[in-house]
A.B. asks: 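The structure's right below; bear with me while I get my questions together.
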2 protein chains.
Amino acid sequence: MMTRSTRQRRAIRSVFERLNRPLGPQDVLQEVAQEVEGVGIATVYRTINTLYEEGVLVKVDLPGESSRYEVAGKAHHHHFRCQKCEQVFELTGCLNVKSLVPSGFQMTGHDIVIFGQCSACR
Amino acid sequence: MMTRSTRQRRAIRSVFERLNRPLGPQDVLQEVAQEVEGVGIATVYRTINTLYEEGVLVKVDLPGESSRYEVAGKAHHHHFRCQKCEQVFELTGCLNVKSLVPSGFQMTGHDIVIFGQCSACR
DNA sequence: ATAGGTGCAAACAGTTTGCATGTAT
DNA sequence: ATACATGCAAACTGTTTGCACCTAT
């Protein structure tokens, strides 16, 4: 299986690079629709999955929401979700959460999500 | 609108009290099916929603998963999810996450989730 | 020329809703 | 008796898949 460079695929990939924040399939469709017309949602899903399997994108799951994706290779980070515009932003920095792990339990990962209003929405 | 005490409702409510951990509709159905027979999944959903609106239950959303619920009134806490048995456990303690909030952003809440293996699954 | 990609519509899974029937009050 | 609750099946929503057609290689 080798990946071809199609109009749609280039457009989808460039959306992630240009916006540089976690995006869901609908976000991507909406952006892509402005560049390339008649792109189907199925293609967006398929392309995102391919890019994900290739390791170009990583998944960003926030509590209670469907998956978003962002370009891979960033340093470890967490996210802020604006409750008004619903956009997700990248946070820098992390915290040591080990102290919360009960004894006898083994930690393999963690997630921190902060909710609130972004600077544009306050 | 007043809430009646039916067999199904009593059973569903007691499952949350007995198991004392976040449960999804399917978890509840499976438990309830052992006490009361012929309970429909729709009733489970409706009852959970009613209990949620009444404030008896609170929602527990973990990244990438559908909503679970647990009995309300507990102290602020976070969760640990076992990647093997998929159960969710309550953690005690919290961390100060304010330092992660970008300037100009306003924080109204936060979430911390730890993944790994529970003591029974290691 | 041909293996992959695309669009459309159908299929799916999880959740919600309409409706006739059952039941707590 | 009557309003609320239940079970079933149909409707919905977000995601995936099958298939005939299209296109990068």
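This structure is a prediction, so every number in the text was calculated from the model and none was measured. Naming: A, B, ... by sequence-line order, numbering from 1 per chain. What you see below is based on every heavy atom in this structure, not just the backbone, and it leaves out hydrogens, waters and symmetry mates.
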A.B. asks: Taking atom C1' of C:dG14 as reference, at what distance in whole Å does atom CD of B:Gln30 sit?
C.D. replies: 16 Å
A.B. asks: Just to be sure I understand the rule, does B:Gln26 reach a base, reach only the sugar-phosphate, or reach nothing, if contact means heavy atoms closer than 4.0 Å?
C.D. replies: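 No contact.
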A.B. asks: Please give, in whole Å, the distance from D:dT16 C1' to A:Glu53 CD?
C.D. replies: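 Going from CD in A:Glu53 over to C1' in D:dT16 covers 13 Å.
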A.B. asks: Taking CD1 from B:Ile41 and C1' from C:dG14, how many angstroms apart are they, rounded to a whole number?
C.D. replies: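 Result: 9 Å.
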A.B. asks: Might you point out which heavy atoms bring B:Ile112 and B:His78 nearest each other, and give the distance in Å?
C.D. replies: O-CB, 3.1 Å
A.B. asks: Report yes or no: do B:Val113 and A:Met107 belong to one cluster of Ile/Leu/Val/Met/Phe/Trp/Tyr joined by side chain heavy-atom distances under 4.5 Å?
C.D. replies: no
A.B. asks: Distance check needed: D:dG7 C1' versus B:Leu29 CG, whole Å only.
C.D. replies: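 Distance check: B:Leu29 CG to D:dG7 C1' gives 12 Å.
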A.B. asks: Any link between A:Leu91 and A:Val60 through a network of hydrophobic side chains (Ile, Leu, Val, Met, Phe, Trp, Tyr) touching at under 4.5 Å?
C.D. replies: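 The answer is no; the residues belong to distinct hydrophobic clusters.
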A.B. asks: Calculate the interatomic distance between B:Ile48 atom CD1 and C:dT16 atom C1'; express it in whole Å.
C.D. replies: 13 Å
A.B. asks: Considering only NZ, NE, NH1 and NH2 on the basic side and carboxylate oxygens on the acidic side, decide whether B:Arg13 and B:Glu54 come within less than 4.0 Å.
C.D. replies: no
A.B. asks: Of the options D:dG14, D:dT6, C:dT6, whose atoms approach the side-chain atoms of A:Gln8 most closely?
C.D. replies: C:dT6
A.B. asks: Less than 4.0 angstrom between a side-chain N/O of B:Thr6 and OP1 or OP2 of D:dT6, yes or no?
C.D. replies: yes
A.B. asks: Return whichever of B:Ser5 or A:Thr43 has its heavy-atom-nearest nucleotide of DNA chain C closer to the 5' end.
C.D. replies: A:Thr43
A.B. asks: Taking it one step at a time, do B:Gln8 and B:Thr47 satisfy side chain to side chain donor-acceptor pair (under 3.5 Å)?
C.D. replies: CA-CA 9 Å; B:Gln8 295 86 332; B:Thr47 303; over 6 Å; no
A.B. asks: What nucleotide among D:dA24, C:dC8, D:dG7 has an atom nearest to a side-chain atom of A:Ala42?
C.D. replies: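 Nearest listed nucleotide: C:dC8.
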A.B. asks: In whole angstroms, how far is the P atom of D:dT23 from the CZ atom of A:Arg10?
C.D. replies: 13 Å
A.B. asks: Would you kindly check whether a donor in the side chain of A:Arg4 faces an acceptor in the base of D:dT23, or vice versa, at under 3.5 angstrom?
C.D. replies: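 Yes, a donor-acceptor pair under 3.5 Å.
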A.B. asks: Whole-Å distance between D:dC4 C1' and B:Arg46 CZ?
C.D. replies: 11 Å
A.B. asks: Rounded to the nearest Å, what distance is computed from the CG atom of residue B:Asn49 to the C1' atom of nucleotide C:dT16?
C.D. replies: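 After rounding, the gap between these two atoms is 9 Å.
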